[in-house]
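Quick notes on the structure that follows.
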Amino acid sequence: MKAMKLNKTVSSCLLRLLKPYSSSFHWTSTMAASAKTSEGMKTVDESDVGISCFISQLPGFRGILKQRYADFIVNEVDMDGNVVRLTSLDVSPEMDVKEEDKRRSSDDVPQSYASAIESFRSLCSASDAERMETLVNQVTSGAEDEISPVVLDPSSDKSKRTAIHNFVKEKFKFLVTDTVDGPDPSSKRIRVRVNSGNAGGKRSKKRKERGDKPFDSRGSEHWPAGVGKFLKFHLYKENKDTQEALGLIGKMLGVQPKSFGFSGTKDKRSVSTQRVTVFKQQANKLAALNKRLFGIKVGDFCLVKEGLLLGQLMGNRFTITLRGVVADSEETIKKSAESLGKDGFINYFGLQRFGSGSVPTHHVGAALLKGEWKEAVDMILDPREINEAREYYKETGDIDGTLRQLPRYLVAERAILQCLKKCPGNYLQALKGIPRTLRMMYVHSYQSYLWNNAASLRVQKYGTNQVVLGDLVSTKVDDAKRIVGSLNSEQKENSEEALDCDQLDDTAVVDLPGERSDLVKVVGIEDVEAGTYPTSDIVLPLPGSRVIYPSNDIAEIFHDLAKKDGISLTESIHGVKEFSITSMTGGYRRVFQKPIDFEWELLTYTDSNKPLAETDLDRITMEKPVDKVGSAEETESDSNQPESCETDLKDSEQTQLALKMALTLPSSCYATMAIRELLKTSTSVAYHKTLN
């Protein structure tokens with residue numbers, strides 16, 4: 001940690017800004033009530049989700065989190081420990097991939113497909129074979145008109161549909177397939193159409209001319225051999241979530257969202273930079289989008305062999321600015337910052353884990369675990385402050401009218417209503433219509449709720465500075481064997497599906513892989529006496545079928561809380577595996593976390609709209625942030641003092657104090673929980689709006 005050193009003149013500047021602050025830094029009932037009513041409706045409070053303890057007993061101080069989205073800068077850290085930054089918007093000459101001639105259709109479409117059609121008859125009905133033969137003949141005859149797709153007969157046999165997909169992919173390379181809904185929830189239909197990337201001339205239509213047909217996500221069919229099939233680039237975005245940004249880029253490129261790969265979502269209200277991969281796309285096409293994109297930039301292009309998957313990151317580097325800082329003294333701020341760097345914070349799942357609406361996601365998760373499908377749907381569609389569409393649905397039951405009003409970013413709500421329109425009253429099927437990664441978020445948040453409460457009990461009973469008999473600890477293994485922020489199997493299987501990034505974060509459900517039981521052990525008396533394990537090795541489980549629990553009384557809270565909610569952690573009361581905690585592997589998470597490469601400094605400012613931290617785009621455009629008032633590197637020489645110190649402080653009412661910090665955290669950690677340890681106040685958006 002880099003401690004701050006201030007010279008006498010700068011210290012005198014700061015002293016004029018420091019003000020008396022209440023000795024009680026907990027979120028008082030008055031402040032809580034104000035925050036809860038500021039939006040007209042109650043939001044999730046930290047105490048509601050088990051967040052109640054601190055490591056240090058130092059007093060906190062006032063500071064506003066995310067007053068501006070640029071006060072929260074996030075840079076991804078890749079698996080090699082490199083901080084991901086946007087350094088260039090240009091495309092290097094070696095990135096100019098020469099595609100094969102797209103007009104050589106005679107090479108792509110052989111003269112006769114009679115034998116392939118005959119083989120296809122063994123996979124499908126006679127009518128489907130005739131449809132396919134007609135489509136193939138249209139393509140091979142060189143028809144100039146737009147060729148309409150064909151839709152095969154409905155089938156509930158997934159293995160049969162898979163065989164058809166694979167057959168078409170292998171035998172008819174100029175065609176592509178996808179799956180559409182059948183006449184009932186149990187069946188699907190395969191749609192076959194001309195590969196837009198392989199069809200030149202008049203069959204290559206713009207999006208408007210093709211209506212609502214989805215774009216092919218396979219990229220160019222003319223990609224040369226010997227080069228990586230995935231284009232990796234750095235995505236820089238301001239005040240946008242990951243899925244929103246990629247959705248815009250995808251529309252401009254004409255590719256589906258699942259064409260993109262990324263290792264984690266980033267906070268919407270932030271400035272963030274992360275890696276993204278896309279299949280078989282030219283770098284110059286993406287670079288050309290920079291002129292059309294607002295609040296989004298792409299750059300640092302390179303070709304790679306594999307696409308990114310969720311969880312493939314070591315962590316994130318945060319640059320956080322707390323504005324409007326008010327403290328009893330400079331010493332209060334200094335001691336709090338030093339304590340955070342030295343002792344860390346309790347590794348709670350932050351409020352983001354539990355959603356931003358009036359119905360916490362772990363309440364929905366509890367309903368799913370109990371098999372209460374209608375109750376879960378009602379909670380997801382519950383009217384709240386985000387928009388008026390839910391209220392309209394509650395009053396009228398008009399699904400079509402509600403869908404017209406419902407914003408497209410509310411993925412879960414739209415999916416439920418679309419399914420209920422097709423299958424009225426089938427609430428389980430409606431829940432399954434939500435993209436799997438998103439619907440599993442509800443169950444995962446309930447695991448997080450249990451974990452938070454267990455962590456608080458562990459701190460209340462045994463403190464933060466000792467390992468006690470019965471604790472669970474991670475054992476000493478090689479770093480190569482540690483999977484930081486690994487995803488559990490349920491997430492890995494569906495990493496390509498859309499995420500509701502307004503509710504999800506880039507953290508993994510587990511910190512250590514649940515299937516590796518050798519990574520944890522119960523502390524015995526010999527371990528306590530020998531002092532074998534430090535407190536940083538203490539872990540607690542996220543409930544599942546493959547975890548073990550502490551052998552002391554901390555284990556009881558998991559079962560007691562679940563029982564209170566009518567849930568068993570050892571058996572399922574329904575047969576839907578994905579909503580059963582006994583069908584999940586579970587995992588482990590460290591109780592205490594220290595920030596890595598922690599730095600901090602105090603700044604003064606008079607303009608609340610002026611940025612106090614430099615972003616990647618600032619560095620590229622050579623824009624400089626506000627001058628520093630004091631920093632770790634500052635010397636005692638007066639020549640290093642900002643010239644504006646005395647003039648800025650002439651009007652002390654306008655000059656304010658800010659604390660800027662930089663820290664790296666593993667992907668399974670929440671920066672807001674580090675801030676909470678520092679300020680000793682709530683991290684809820686509602687509370688910080690009251691400070692604003």
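Just so you know, these numbers use all the heavy atoms, side chains as well, and skip hydrogens, waters and symmetry mates. Note that this is a predicted model, so its numbers are computed, not measured.
Remark: aromatic rings of Phe598 and Phe318 are distant, center separation not under 6.0 Å.
Residues forming a side chain to side chain donor-acceptor pair (under 3.5 Å) with Thr277 (at least two apart in sequence, or on another chain): none. With sequence neighbours left out, Lys188 forms a side chain to side chain donor-acceptor pair (under 3.5 Å) with Asp181. Asp400 meets the side-chain contact (heavy atoms from CB on, under 4.5 Å) test with Asp398, Arg404, Lys421; sequence neighbours excluded. Applying the side chain to side chain donor-acceptor pair (under 3.5 Å) test to Asp78 and every residue at least two apart in sequence or in another chain returns Asn82. For Lys305, there are no side-chain contact (heavy atoms from CB on, under 4.5 Å) partners at least two apart in sequence or on another chain.
Using a 4.0 Å cut-off between charged nitrogen and carboxylate oxygen, Glu244 and Lys237 do not count as a salt-bridge pair. Note on Lys66 versus Asp267: salt bridge recorded, some NZ/NE/NH1/NH2 to OD/OE distance being below 4.0 Å. Contact check on Asp616 versus Lys297 returns no salt bridge, with no Lys/Arg side-chain nitrogen under 4.0 Å from an Asp/Glu carboxylate oxygen.
Between Phe172 and Tyr113, the angle of the ring planes lies from 30° to 60°, which puts this pair in the tilted group.
Using modelled atom types, one finds no donor on one side chain facing an acceptor on the other under 3.5 Å when comparing Arg353 with Ser445.
Exactly one residue among Asn75, Asn316, Thr242, Asp241 makes a side chain to side chain donor-acceptor pair (under 3.5 Å) with Lys266. That residue is Asn316. Put simply, the residue from Ile73, Val83, Val84 that forms a side chain to side chain contact (heavy atoms under 4.5 Å, CB included) with Thr273 is Val84.
Side-chain atoms of Arg193 do not come within 3.5 Å of backbone N or O of Val150 as any donor-acceptor pair.
Taken to the nearest 0.5 Å, the CZ atom of Phe72 stands 10.5 Å off from the OG1 atom of Thr321.
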Review item, side-chain donor-acceptor pairs of residues 225-234, under 3.5 Å, at least two apart:
residue : atom : partner : partner atom : Å
His234  : ND1  : Arg85   : O            : 2.8

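Annotation: Gln418, atom CD; neighbour count of heavy atoms from other residues, nucleotides and ligands within 6.0 Å is above 12.
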